[in-house]
Chemist: 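Can you read through this structure? Questions will come right after.
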Amino acid sequence: MTTKIILKFSLIALFGVLLSACGFGKSQQTVDDQSSGEATNKKEPIEMVFYIQASGWTEELFMEQYGNAIKQTFPHIMPKFIPVGKGTMMEDLISSGQTIDIWMGSVNAILPFPVKYDLAYDISDLLKTHNYNMDKLEPTSIEQMRNLAGGGMYGLPYGTTTMLIKYNKDIFDKFGVPYPEDGITWDDLYEIAKKLTRSEGGIQYRGFSMTTGHIMLLNQLSAGFVDPMTEKTTLITNNWKQIAENFYRFYSIPGNEVTDKTVQLESQKRSFFQDKVSAMYITLSNLEEELKTMNWDAAQLPTFKTSPGVATQSYPNYALVTKQSKNKNDAFQVISFLTSSDMQKQFARKATIVPVVMTKEVIQQFGQDVPMLSGKNMNAWFPAKMAQAPVKTKYDGLVQPMLYNEMYKYLAGMKDINTALRDASEAGQKAIDSEKMK
């Protein structure tokens, strides 16, 4: 994954039993119930190599987030972490013969990295051997992995990210406008944005801003970029048109207009966090440091009337046992441990990622160790239903920037929507065809 480490669903019913830890001396004993070190301290020590497909990770951070808990639960395993950097890019490790046991990264990084470099390994047999119950996991994250693995499973999700509204309470209070609530529609939000877009004391306040690329990537209408069967772009559709026209009206509010530059991430982010003139910011559910300087809260993302209650797609992180690993059974138990109740509670308390085990017990822990979340609307991170994700292809990354660039021009009023989608489709297809020629 290429995103920074910043690594989200109304409470839903308790799911089934946790992972059976076969090979620990008691075939029906779960990782959650196993005492730290029981039976594993009798095993031969092994080194297990971890690689996270993202910049910014250090060995210290890895051990804090994952490694120390793994060592405590599996005393015979010695985690070794390889950070991304000069000389340790994926192609460098492959060419040098460096083995990776467990690869970790976002859903969008799986095709361009472990699949591309032939590291992906189907763990379906291990799931059966260990009687692993996937019903406890957020379902669309399982569906996305099955699509990527052609019906199999390359790995397990251990956390996710979605989108929500972050809003500046001071601006709402200044103009006497009620805060946005969970369950509102995009039409409702549009009316709120109009009330908050105004000039006061020489300051132009903006009712609405958003991280445009992310919300298109995780769009609520499940619009995809490339047909996996034909390998043709799929941008000229009613769904993409509806998505674009919905956002266009917000940027057509007098005083909230944008250019093809100011509609992009950095400018939209700056208007909310630094300039503090944007009342609402549609963004990822990560916790930015800048929030510490603001009087803010959050609400669930608005939904379309045609798809009531449906949030954006989930953006999960996965842990994969690689084809290279000589300790696949141990590696599987480690990635299973990341989905255990204890680890999911830990993830929830730190709020670095949103847990994928969505029991009431886990969700109630969300943000407990994060002072900036005290008193905040935690339901915002947990929408009732995630949108179905379209099947991803190895060409998505070529087509996405073409769409984003044309969308920026459309939202800035430089092109009509039909022209923008057509131009994006043609440019995307050209990129696909060029890649095939290599």
Chemist: Do the side-chain N and O atoms of D173 and Y179 include a donor-acceptor pair separated by under 3.5 angstrom?
Modeler: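 The criterion, which ignores hydrogens and geometry beyond distance, is satisfied for Y179 and D173.
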
Chemist: Measuring from atom NZ of K436 to atom CG of L398, what distance do you get when rounded to the nearest 0.5 angstrom?
Modeler: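 K436 NZ to L398 CG: 11.0 Å, rounded to 0.5 Å.
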
Chemist: Surrounding NZ of K195 (heavy atoms of other residues, nucleotides or ligands, distance under 6.0 Å), is the total greater than 12?
Modeler: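 It does not: K195 NZ has 12 such atoms or fewer within range.
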
Chemist: Classify the ring geometry of F304 against W186: parallel below 30°, tilted from 30° to 60°, perpendicular beyond 60°.
Modeler: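 Taking W186 first and then F304, their aromatic rings sit tilted (interplane angle of 30° to 60°).
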
Chemist: At what distance, to the nearest 0.5 angstrom, does CG of L217 lie from OG1 of T211?
Modeler: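 So the gap between those two atoms works out to 9.5 Å.
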
Chemist: Would you say E60 has more than 12 foreign heavy atoms packed within less than 6.0 Å of its CD?
Modeler: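 No, because the 6.0 Å sphere around CD of E60 holds 12 heavy atoms or fewer from other groups.
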
Chemist: Going by atom types alone, do T262 and S267 pair a side-chain donor with an acceptor below 3.5 Å?
Modeler: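 Not at all, the side chains of T262 and S267 share no donor-acceptor pair under 3.5 Å.
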
Chemist: Between E288 and K166, is the salt bridge (charged side-chain N to carboxylate O under 4.0 Å, His left out) condition met? List the steps.
Modeler: CA-CA 11 Å; E288 297 87 348; K166 293 169 186 171; 2.6 Å; yes

Chemist: What's the shortest heavy-atom distance between K328 and T322, and which atoms?
Modeler: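 Closest approach of K328 to T322, heavy atoms only: CE-O, 3.6 Å.
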
Chemist: List the steps, then state whether salt bridge (charged side-chain N to carboxylate O under 4.0 Å, His left out) holds for R146 with E143.
Modeler: CA-CA 5 Å; R146 289 208 182 280; E143 179 186 27; over 6 Å; no

Chemist: Taking the six-membered ring where the residue is Trp, are the ring centres of W240 and F225 under 6.0 Å apart?
Modeler: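 Yes, close enough.
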
Chemist: For the residue pair F172 and Y167, is the inter-centroid distance of their aromatic rings smaller than 6.0 Å?
Modeler: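 Yes, close enough.
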
Chemist: Salt bridge (Lys or Arg N to Asp or Glu O under 4.0 Å): which pairs involve residues 297-313, sequence neighbours left out?
Modeler: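 Qualifying pairs, neighbours excluded: D187-K305.
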
Chemist: Compare all side-chain heavy atoms of F175 with those of R198 and state whether any distance is below 4.5 angstrom.
Modeler: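 Yes, at least one pair of side-chain atoms sits under 4.5 Å.
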
Chemist: Is it true that the side chains of Q429 and D433 contain a donor and an acceptor less than 3.5 Å apart?
Modeler: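 Side-chain D/A pair, Q429 to D433: present.
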
Chemist: About how many Å separate CD of Q300 and OG1 of T162, when rounded to the nearest 0.5 Å?
Modeler: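 These two atoms lie 9.5 Å from each other.
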
Chemist: Measure centre to centre between the rings of F208 and Y251, then say whether the value is under 6.0 Å.
Modeler: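 Yes, the ring centres sit under 6.0 Å apart.
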
Chemist: Tell me the salt bridge (Lys or Arg N to Asp or Glu O under 4.0 Å) pairs involving residues 389-411, sequence neighbours left out?
Modeler: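 Applying salt bridge (Lys or Arg N to Asp or Glu O under 4.0 Å) to every pair that reaches into residues 389-411, excluding sequence neighbours, yields E406-K409, E406-K415.
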
Chemist: I'd like to know if K438 and E435 make a salt bridge, using a cut-off of under 4.0 Å between side-chain N and carboxylate O.
Modeler: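 Salt bridge flag = yes for E435 with K438.
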
Chemist: For the OG1 atom of T140 and the CE atom of M145, what is their distance to the nearest 0.5 Å?
Modeler: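 Here the interatomic distance stands at 12.5 Å.
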
Chemist: Let me check something: any side-chain donor-acceptor pairs from residues 110-123 under 3.5 Å, sequence neighbours excluded? List them with distances.
Modeler:
residue : atom : partner : partner atom : Å
Y117    : OH   : E91     : OE1          : 3.4
D118    : OD1  : K323    : NZ           : 2.7
D122    : OD1  : S124    : N            : 3.0
D122    : OD1  : S124    : OG           : 2.6
D122    : OD1  : M153    : N            : 3.1

Chemist: Using a cut-off of 6.0 Å, state whether more than 12 heavy atoms not belonging to E59 lie near its atom CD.
Modeler: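 Incorrect, the count does not exceed 12.
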
Chemist: Side-chain donor-acceptor pair under 3.5 Å between Y318 and S141, yes or no?
Modeler: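 Distance-only check fails for Y318 and S141.
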
Chemist: Check the orientation of Y158 and F347. Use parallel for under 30°, tilted for 30 to 60°, and perpendicular for over 60°.
Modeler: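 Rings of Y158 and F347: tilted, 30 to 60°.
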
Chemist: Give, for atom CG of N379 and atom CG of L164, the distance between the pair rounded to the nearest 0.5 Å.
Modeler: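 That separation rounds to 11.5 Å.
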
Chemist: With no hydrogens and no angle check, do the side chains of D182 and N377 hold a donor and an acceptor under 3.5 Å apart?
Modeler: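 Yes, N377 and D182 have a side-chain donor paired with an acceptor closer than 3.5 Å.
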
Chemist: Considering only heavy atoms from C-beta outward, does the side chain of L127 approach that of F332 to under 4.5 Å?
Modeler: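 Yes - at least one pair of side-chain heavy atoms lies under 4.5 Å apart.
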
Chemist: What's the separation between atom CG in L156 and atom CG in L320, rounded to the nearest 0.5 Å?
Modeler: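 Output value for this atom pair is 8.5 Å.
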
Chemist: Going by atom types alone, do R349 and Q365 pair a side-chain donor with an acceptor below 3.5 Å?
Modeler: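 Judged by distance alone, the side chains do pair up.
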
Chemist: Tell me whether the count of non-hydrogen atoms from other residues, nucleotides or ligands lying under 6.0 Å of CG in D416 goes above 12.
Modeler: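 Yes - once you tally the heavy atoms of other residues, nucleotides and ligands closer than 6.0 Å, there are more than 12.
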
Chemist: Using every non-hydrogen atom in the two residues, find where P139 and M358 come nearest and quote the distance to one decimal.
Modeler: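 Distance-wise, the nearest heavy atoms are CD-CE, 4.3 Å.
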
Chemist: Parallel, tilted or perpendicular for Y248 and Y410, by the 30°/60° rule?
Modeler: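 Geometry flag for Y410 against Y248: parallel rings.
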
